[in-house]
Amino acid sequence: MLLARRGYDVLLVDKATFPSDTMSTHFIQQPGVARLARWGLLDRLRAANTPSITRISVHMRGVDLTPPPPADGEPAPESFCPRRTVLDSILVEAAVEAGAEFRGGFAVREVVMDGDDGCVTGVRGERDGASQTEHARIVIGADGMHSFVAKSVGAQAYNEIPSLSFAYYAYWSDVPLDGAELHFMEDAGVLAFPTNDGLACIAVGGSVESFHAFRDDIEANYMRLVDSAGALSKQVAAGKRETRFQGTADQPNFFRKPYGPGWALVGDAGYHRDFITGLGITDAFRDADLLAAAIDAGLSGRQPLEEALAGYERERNEIATPLYEFTTDLARLETPPSLELFMRFGAALGRT
């Protein structure tokens, strides 16, 4: 969308068609909300009946932490937790409106490279059983933490930390929530937030060491953790689970070199961290902004492309590293988090 708005000829391919769901933390932090507003997409998110979240309460060590209401006349900061069926459709539609061509149901099978210098020149894929090859000045992998593009070009990972936690969630009806709730217990946690269609997403998580024991009886262990979440447990007990459980312990933490000759990476393909801070979408929006600006600077001739992309990596890392360190500290679940730790998170997030 951002490159098409700058006048570039953009082809967007995805093996999915939309609307399409995917496992996700959903949460869009306030810097991500600000970008949606700047891009002219926030009103579309509201129009899809996505609840505005203006209250986030944290419960830990028997203490309830809720930020005070804003001063008189000041708007309350907003966050949103849209279903991916909603958010992704909005983004794809906006890209097409900006002039990008979208091909859904396109499975990329090969990253095409120049035989002489290894520069990426396009992709080869399959759609409706037919092989298709497309060439471009730059191929951008926005294809998740197990990025096919990253694997094909040998993008180097660094600052790696293995998976630290697991998470499972499901959608519930008739669970009224006044904003989002985070409950931290010993070696576990519960998260609840309102989302589209009048549903609440209720998520639980714990240390990666307890993942296999949790999977022995997902429903019973899920409800056991929810039952530890104070008043929330009564609300969930009175509600109805509408979907199956979704979950994973596949949450590696890493940075990848996000560019090379003819290619770049963005979102989880270039930088991934544990779910626990709900930063994935907000980080992806930030990095899309940074990468689009760098590509524009390079392709327009204002700056050598490699130099511009190196600046993208440098700025991404400068902003993301404090958040990455906070996230991995929190995901270790060694002790319940402190107020000081959350203040550190807020300060780092403010730079995003």
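In this chain, numbering begins with 1 at the start of the sequence shown.
With hydrogens and angles left out, the side-chain atoms of His146 and Asp250 include a donor and acceptor closer than 3.5 Å. With hydrogens and angles left out, the side-chain atoms of Ser173 and Glu242 include a donor and acceptor closer than 3.5 Å. In this structure, a donor-acceptor pair under 3.5 Å is absent between the side chains of Thr133 and His135. Between the side chains of Ser52 and Glu78, at least one donor-acceptor pair of N or O atoms lies under 3.5 Å. With 3.5 Å as the limit, one finds a donor-acceptor pair spanning the side chains of Asp143 and Ser147. Counted by atom type alone, Gln251 and Ser165 present one or more donor-acceptor pairs between their side chains at under 3.5 Å. Donor-acceptor pairing under 3.5 Å is lacking for the side chains of Tyr324 and Asp329. Side-chain contact annotation: Asp274 with Thr327, donor-acceptor N/O pair under 3.5 Å absent.
In this structure, Arg215 places its CZ atom where only 12 or fewer heavy-atom neighbours from other residues, nucleotides or ligands lie under 6.0 Å away. Within a 6.0 Å sphere centred on CD of Gln246, heavy atoms belonging to other residues, nucleotides or ligands number more than 12. For CD of Glu306, the number of neighbouring non-hydrogen atoms (other residues, nucleotides, ligands) closer than 6.0 Å is 12 at most. Summarising the local packing, CZ of Arg127 is surrounded by more than 12 heavy atoms from other residues, nucleotides or ligands at distances under 6.0 Å.
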(message) Would Glu181 and Gln235 count as a side chain to side chain contact (heavy atoms under 4.5 Å, CB included) here? Give the steps.
(response) CA-CA 12 Å; Glu181 299 183 21; Gln235 293 171 278; 4.1 Å; yes
(request) Take Asp268 and Arg273 through the test side chain to side chain contact (heavy atoms under 4.5 Å, CB included) and record every step on the way to the result. (result) CA-CA 8 Å; Asp268 285 350; Arg273 86 307 300 137; 3.4 Å; yes
(message) Between Glu93 and Val96, is the side chain to side chain contact (heavy atoms under 4.5 Å, CB included) condition met? List the steps.
(response) CA-CA 5 Å; Glu93 289 165 7; Val96 171; 5.8 Å; no
(request) List the steps and the verdict of side chain to side chain contact (heavy atoms under 4.5 Å, CB included) for Arg316 and Arg314. (result) CA-CA 6 Å; Arg316 179 201 68 176; Arg314 187 169 54 249; over 6 Å; no
(message) Under the criterion salt bridge (charged side-chain N to carboxylate O under 4.0 Å, His left out), I'd like the reasoning laid out for Arg224 against Asp227: C-alpha separation, chi angles, the key distance, then a yes or no.
(response) CA-CA 5 Å; Arg224 175 180 56 80; Asp227 287 345; over 6 Å; no
(request) Carefully, step by step, assess Asp296 and Tyr8 under the rule side-chain hydrogen bond (donor to acceptor under 3.5 Å, both in side chains). (result) CA-CA 9 Å; Asp296 183 40; Tyr8 291 99; 2.6 Å; yes
(message) Would Asp114 and Thr121 count as a side-chain hydrogen bond (donor to acceptor under 3.5 Å, both in side chains) here? Give the steps.
(response) CA-CA 6 Å; Asp114 187 293; Thr121 60; over 6 Å; no
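The same ILVMFWY cluster, assembled from side-chain heavy atoms under 4.5 Å apart, contains both Ile276 and Ile56. Trp263 and Val123 fall within the same hydrophobic cluster, where Ile, Leu, Val, Met, Phe, Trp and Tyr residues are linked whenever their side-chain heavy atoms come under 4.5 Å apart, directly or through other members. One hydrophobic cluster, built from ILVMFWY side chains closer than 4.5 Å, cannot hold both Phe255 and Leu279; they sit in different ones. In terms of hydrophobic clustering, with Ile, Leu, Val, Met, Phe, Trp and Tyr side chains grouped at heavy-atom distances under 4.5 Å, Val226 and Trp172 are assigned to a common cluster. In the hydrophobic clustering of this structure, Ile140 groups with Leu299; members are Ile, Leu, Val, Met, Phe, Trp, Tyr whose side-chain heavy atoms approach within less than 4.5 Å, directly or through other members.
Judged by distance alone, the side chain of Ser89 and the main-chain N or O of Thr85 form a donor-acceptor pair under 3.5 Å. When atom types are taken as modelled, the side chain of Asp174 and the backbone of Gly239 share no donor-acceptor pair closer than 3.5 angstrom. The backbone N or O of Cys119 sits less than 3.5 Å from a side-chain atom of Asp117, completing a donor-acceptor pair. No donor-acceptor pair under 3.5 Å is formed between the side chain of Thr54 and the backbone N or O of Pro77. Although no hydrogens or angles enter the test, the distance criterion places a donor-acceptor pair under 3.5 Å between the side chain of Thr321 and the main chain of Asn317. A donor-acceptor pair is defined here as one N or O able to donate and one able to accept, closer than 3.5 Å; such a pair exists between the side chain of Thr243 and the backbone of Tyr171.
Contact check for Ile53 versus Pro194: side-chain heavy atoms found under the 4.5 Å cut-off. Side-chain contact check for Leu36 versus Ile28: some heavy-atom pair is nearer than 4.5 Å. The closest side-chain heavy-atom distance from Trp39 to Met1 is below 4.5 Å. Proximity of Phe184 to Val58: side-chain heavy atoms (C-beta onward) are separated by under 4.5 Å at one or more points. Using a 4.5 Å cut-off on side-chain heavy atoms (C-beta onward), His272 and Arg256 make no contact. The closest side-chain heavy-atom distance from Val108 to Gln132 is not below 4.5 Å. With contacts defined as side-chain heavy-atom distances shorter than 4.5 Å, the pair Val86/Ile90 qualifies. Within the 4.5 Å cutoff, side-chain heavy atoms of Thr328 are placed close to those of Arg332.
To the nearest 0.5 Å, atoms CZ (Arg55) and OG (Ser79) are separated by 13.5 Å. The CD atom of Glu110 lies 8.5 Å from the OG atom of Ser152; values are rounded to the nearest 0.5 Å. Between Arg46 atom CZ and Leu41 atom CG the span is 12.5 Å, to the nearest 0.5 Å. Interatomic distance, CG of Asp9 versus CD of Glu101, reported as 8.0 Å (0.5 Å rounding). Atom CG in Leu290 sits 5.5 Å away from atom CD1 in Ile319 (nearest 0.5 Å). Taken from CD in Glu219 to CZ in Arg244, the straight-line distance is 14.0 Å, to the nearest 0.5 Å.
In plain terms, the two heavy atoms of Val139 and Gly122 that are nearest each other are CG2-CA, 3.7 Å. The heavy-atom pair separating Ala213 from Asn221 by the smallest distance is O-ND2, 3.4 Å. Nearest heavy-atom pair, Thr195 versus Cys81, reported as atom, atom and distance to 0.1 Å: OG1-O, 2.7 Å. When all heavy atoms of Ala16 and Phe18 are compared, the closest pair comes out as O-CE1, 4.0 Å.
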Could you pull out every donor-acceptor pair under 3.5 Å between side chains of residues 196-204 and any protein atom, sequence neighbours left out?
residue	atom	partner	partner atom	Å
Asn196	OD1	Arg83	N	2.8
Asn196	ND2	Ala48	O	3.1
Asn196	ND2	Thr50	OG1	2.8

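Screening Phe245, Phe214, Phe166, Tyr168 against Tyr222 for a ring pair (Phe, Tyr, Trp, His ring centres under 6.0 Å) leaves a single residue, Phe245.
Note that Lys257 lies in the cation-pi zone of Tyr259, set by a 6.0 Å cut-off to the ring centre and a 45° limit from the axis.
Every residue meeting the salt bridge (charged side-chain N to carboxylate O under 4.0 Å, His left out) condition with Asp88, not counting sequence neighbours, appears here in chain and number order: Arg84.
Arg286 has no carboxylate O lying under 4.0 Å from a charged side-chain N of Asp289, or vice versa, which leaves the two without a salt bridge.
Checked against the 6.0 Å centroid criterion, the rings of Phe80 and His26 do not qualify as a close aromatic pair.
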